[in-house]
S.K.: 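This is the structure I want to talk about, given as structure tokens.
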Amino acid sequence: MSFTPSLLPRGGILQGLVCGISAAIGYGLGVIAAYVWRAFADRDARSPSRRSWLLLLVCTIVLFGVAFGLGQYWQHEIRRLMGVTDYNVLTTIACPFVAVLVFYLLLMAGRGLRRLYHGAAGLLGRWIGRRAARVVGWLVVAGLAWSVFSGVLLGGFVNAANEAFSLRDTETPEGVHQPTSTLRSGGPGSLVPWDSLGRQGRAFTGSGPTAADIGAFSHRTAQEPVRAYAGLSTSDDAETRAARAVADLERAGGFKRANLLVTTTTGSGWVDPAAVDSFEYLGNGDSATVAMQYSYLPSWLSYLVDQSKAREAGRELFDAVYDVWSKLPQDERPQLFVAGESLGSFGGETAFSGEYDLRNRTAGTLFAGPPNFNTLFREFSDQRDPGSPEIGPVYKEGRTVRFTDDPAAGMPPADLPWDGTRVLYLMHPSDPIVWWSPNLALSEPDWIGQAPGKDVLGAMVWMPFVTFWQVTADLPFSTGVPDGHGHTYKAAYVDGWNAVMRPTGFTAQDLDRLRDIIRPEG
């Protein structure tokens, strides 16, 4: 079952991991089923015969061989759909050995807990009844195991990761230099010191298109974009950090630009250059962008443990910007836009209560790769119009909120008007960040039961527990696929912002050129 396809191509090591976990789950369910059967049959366990062991060995070899062959075929088809050419024979060969190792370790862990339970039950049986000792013993062992996992193992791992990535945050990416422009945080006159921006903040303010770059694209006189940022070292408090970022935005003249973008970062403070660069090019440089860091951890780890920090950062930053923006004379206010990718979209959503709030307080919104637990995303998707699929929902006839996997191909419903504020979600059918949910373990989602997306194999089916671990294993590798698949959004930002901002003076050929600028390898 574990060899069946999921959303992304899997290497041999990853496949072995999923296979071993699935085998351990299957073994555990078998043990429980056998225990229940013996209870009803009222007999003790019997040792299997030599013939039974031989039959098991033959079936295992044959079935594993068939599953392995089918798995390689399915992985080839997924790589073909996504244009992935990488293939490692050695890791493929290692797959069965990794699976056996993972299965063995989980089996030993399970048996260790069982021995601990018997010991606890035996000890408790000295003071209480045998049945009560069994129940209390299980509760004690289960509680102890959970405490060790969540408090010691998981907590220790997160703390160690936080320490390691906090050291990396002091570095400056190669090729990035402190700005010499007063329009950037960390530059001359900035209220936010360069050293306090963090690695991703320095990458954000120390890069991006210049006025000359934008003018060469638009063939018009362009302005130098404003970029404001506050890193974790700026302040320990999210509210104060947001206030510092907005103060620096105001100092640089960000509120005097035609277009103002509030973007919530992902994890370690990263802002996708494709998102902001596209916004600046289509605004002819008459734009300002503000962001702030809320974690040291990388996106995939923040996705699991830093959701509350993302929520707080998104709300505090937008509220701080809106407080200044709303006090400006109406004819002097810039158009206010909101953006976020992945966990950034989760944080960006938290500043709003729903569709009308987004419509009334912004000029447009662009969210890419929204996690499945996003409050508004789930609301819009779950309450979609009848007949629209989960991978391409239509909400309230698309009057404000729309969804697409390829904005260049359109945003349904194409035959209905899209007036006023536009809220656009970019989401690929093969993006595990969008579709992962704990509910996958025990219930089939609509997106699997319905017609698959263009880069998802029709052979993908839902299976209890197995599909959950397959999609979970896809998460850390969601950006390791070509643009337009998985959690990689680059060129889509060009057409996404073109739809949301509705700039004038750009032709289809101009958008083609801009896609090549944003995604030069394409």
Side-chain angles (χ1 to χ4, degrees), residues 183 204 207-227 253-254 256-263 271-290 333-341 358-359 362-369 398-428 483-484 488-522:
L183 303 179
F204 173 68
S207 63
T210 64
D213 295 330
I214 297 172
F217 160 72
S218 65
H219 302 298
R220 288 177 270 172
T221 302
Q223 297 186 52
E224 190 84 18
V226 173
R227 290 191 177 190
K256 297 179 181 178
R257 296 303 178 96
N259 304 295
L260 173 56
L261 173 62
V262 181
T263 182
V271 178
D272 192 340
V276 180
D277 291 359
S278 299
F279 180 81
E280 292 172 343
Y281 273 106
L282 292 173
N284 200 39
D286 192 6
S287 62
T289 304
V290 60
R333 294 175 182 171
Q335 292 192 96
L336 184 56
F337 296 93
V338 174
E341 181 175 328
L358 282 164
R359 187 182 185 96
T362 73
T365 300
L366 183 59
F367 290 138
R399 63 189 182 188
T400 302
V401 181
R402 297 198 178 188
F403 303 80
T404 184
D405 67 328
D406 182 5
M411 289 134 287
D415 57 336
L416 293 177
W418 196 12
D419 302 323
T421 295
R422 293 183 174 186
V423 177
L424 180 61
Y425 283 87
L426 305 177
M427 54 186 209
H428 296 146
D483 185 29
T488 307
Y489 300 86
K490 299 295 181 188
Y493 277 115
V494 173
D495 297 285
W497 277 125
N498 185 59
V500 172
M501 295 174 70
R502 287 169 281 187
T504 58
F506 295 111
T507 65
Q509 290 73 24
D510 292 330
L511 297 180
D512 286 337
R513 288 194 297 116
L514 185 52
R515 290 189 206 101
D516 291 335
I517 294 172
I518 298 300
R519 187 190 57 186
E521 69 274 13

S.K.: Please enumerate all residues that pass ring pair (Phe, Tyr, Trp, His ring centres under 6.0 Å) together with Tyr493, with sequence neighbours excluded.
M.R.: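 Testing Tyr493 for ring pair (Phe, Tyr, Trp, His ring centres under 6.0 Å), a comparison that skips the adjacent residues, returns none.
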
S.K.: Please confirm whether Arg227 makes a cation-pi placement over Phe204, using NZ or CZ under 6.0 Å from the six-membered ring centre and within 45° of the ring normal.
M.R.: yes

S.K.: Could you pull out all residues at least two apart from Phe506 that satisfy ring pair (Phe, Tyr, Trp, His ring centres under 6.0 Å)?
M.R.: Phe217

S.K.: Could you tell me which non-hydrogen atom of Ala274 sits nearest to which non-hydrogen atom of Ser278, and how far apart they are?
M.R.: O-OG, 2.7 Å

S.K.: Can you measure from CG (Asp406) to CE (Met411) and round to the nearest 0.5 angstrom?
M.R.: 9.0 Å

S.K.: Nearest 0.5 Å please: distance from the CG atom of Asp213 over to the CD atom of Glu224.
M.R.: 8.5 Å

S.K.: Under the ring pair (Phe, Tyr, Trp, His ring centres under 6.0 Å) test, which residues partner Phe279, sequence neighbours left out?
M.R.: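 Scan of Phe279 (ring pair (Phe, Tyr, Trp, His ring centres under 6.0 Å), adjacent residues dropped) gives Phe337, Trp497.
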
S.K.: Only pairs at least two apart or in different chains count here, so list each ring pair (Phe, Tyr, Trp, His ring centres under 6.0 Å) that has a residue in residues 405-424.
M.R.: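 Non-adjacent pairs meeting ring pair (Phe, Tyr, Trp, His ring centres under 6.0 Å): zero.
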
S.K.: For Asp286, enumerate each residue passing the salt bridge (Lys or Arg N to Asp or Glu O under 4.0 Å) test, keeping only those at least two apart in sequence or located in another chain.
M.R.: none

S.K.: By side-chain hydrogen bond (donor to acceptor under 3.5 Å, both in side chains), which residues pair with Asp405, not counting sequence neighbours?
M.R.: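 Asp405 satisfies side-chain hydrogen bond (donor to acceptor under 3.5 Å, both in side chains) with no residue once adjacent residues are dropped.
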
S.K.: With sequence neighbours excluded, give me every salt bridge (charged side-chain N to carboxylate O under 4.0 Å, His left out) pair touching residues 494-512.
M.R.: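 For residues 494-512, and leaving out neighbouring residues, the salt bridge (charged side-chain N to carboxylate O under 4.0 Å, His left out) pairs sorted by first residue read Asp495-Arg515, Asp510-Arg513, Asp512-Arg515.
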
S.K.: Take Arg257 and Leu183 through the side-chain contact (heavy atoms from CB on, under 4.5 Å) test and state the conclusion after the steps.
M.R.: CA-CA 12 Å; Arg257 296 303 178 96; Leu183 303 179; 3.6 Å; yes

S.K.: Heavy atoms only: give me the nearest Ala492-Pro407 pair and the separation to one decimal.
M.R.: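 Looking at all heavy atoms of both residues, the shortest contact is O-CG, 3.3 Å.
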
S.K.: Looking only at heavy atoms, what is the nearest atom pair of Asp483 and Lys490, with distance?
M.R.: OD1-N, 2.9 Å

S.K.: Is the shortest side-chain heavy-atom distance between Leu261 and Val338 below 4.5 Å?
M.R.: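 No; the side chains remain at least 4.5 Å from each other.
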
S.K.: Excluding sequence neighbours, so at least two apart, what forms side-chain contact (heavy atoms from CB on, under 4.5 Å) with Thr400?
M.R.: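 Result, side-chain contact (heavy atoms from CB on, under 4.5 Å) vs Thr400: Glu355, Arg359, Val423.
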
S.K.: Could you check if a side-chain atom of Phe367 sits within less than 4.5 angstrom of a side-chain atom of Glu341, using non-hydrogen atoms only?
M.R.: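 No. Closest side-chain heavy atoms not under 4.5 Å.
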
S.K.: To check you understand the geometry: which heavy-atom pair defines the closest contact between Ala211 and Ala222, and what is its length?
M.R.: O-CB, 3.6 Å

S.K.: I'd like to check the ring pair (Phe, Tyr, Trp, His ring centres under 6.0 Å) partners of Tyr489; sequence neighbours left out, ordered by chain and number.
M.R.: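 With sequence neighbours excluded, Tyr489 shows a ring pair (Phe, Tyr, Trp, His ring centres under 6.0 Å) to His428, His487, given in chain and number order.
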
S.K.: Testing the 3.5 Å rule here: is there a donor-acceptor pair between the side chains of Ser218 and Asn284?
M.R.: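 Result is yes, a qualifying pair exists.
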
S.K.: Begin from the C-alpha positions of Leu366 and Leu426 and carry the test side-chain contact (heavy atoms from CB on, under 4.5 Å) through to its verdict.
M.R.: CA-CA 8 Å; Leu366 183 59; Leu426 305 177; 3.9 Å; yes

S.K.: Pro334: what forms a side-chain contact (heavy atoms from CB on, under 4.5 Å) with it, not counting sequence neighbours?
M.R.: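 By the side-chain contact (heavy atoms from CB on, under 4.5 Å) rule, Pro334 matches Leu260, Trp325, Leu328.
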
S.K.: Are Pro413 and Arg402 packed together at the side-chain level, in the sense that at least one heavy-atom pair is separated by less than 4.5 angstrom?
M.R.: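 Heavy-atom side-chain distance check passes, below 4.5 Å.
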
S.K.: To the nearest 0.5 angstrom, please state how far the OG atom of Ser287 sits from the CD atom of Glu280.
M.R.: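 One finds 4.5 Å between OG of Ser287 and CD of Glu280.
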
S.K.: Would you name the heavy atoms of Pro209 and Asp277 that are closest together and state the gap between them?
M.R.: CD-OD1, 3.3 Å

S.K.: Listed by chain and number, what are the side-chain contact (heavy atoms from CB on, under 4.5 Å) partners of Asn498, not counting sequence neighbours?
M.R.: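 Testing Asn498 for side-chain contact (heavy atoms from CB on, under 4.5 Å), a comparison that skips the adjacent residues, returns Leu282, Pro503, Leu511.
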
S.K.: What are the two closest non-hydrogen atoms of Thr362 and Thr365, and how far apart are they?
M.R.: OG1-OG1, 3.6 Å

S.K.: Could you list the residues that satisfy side-chain hydrogen bond (donor to acceptor under 3.5 Å, both in side chains) with Thr421, not counting sequence neighbours?
M.R.: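 Testing Thr421 for side-chain hydrogen bond (donor to acceptor under 3.5 Å, both in side chains), a comparison that skips the adjacent residues, returns none.
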
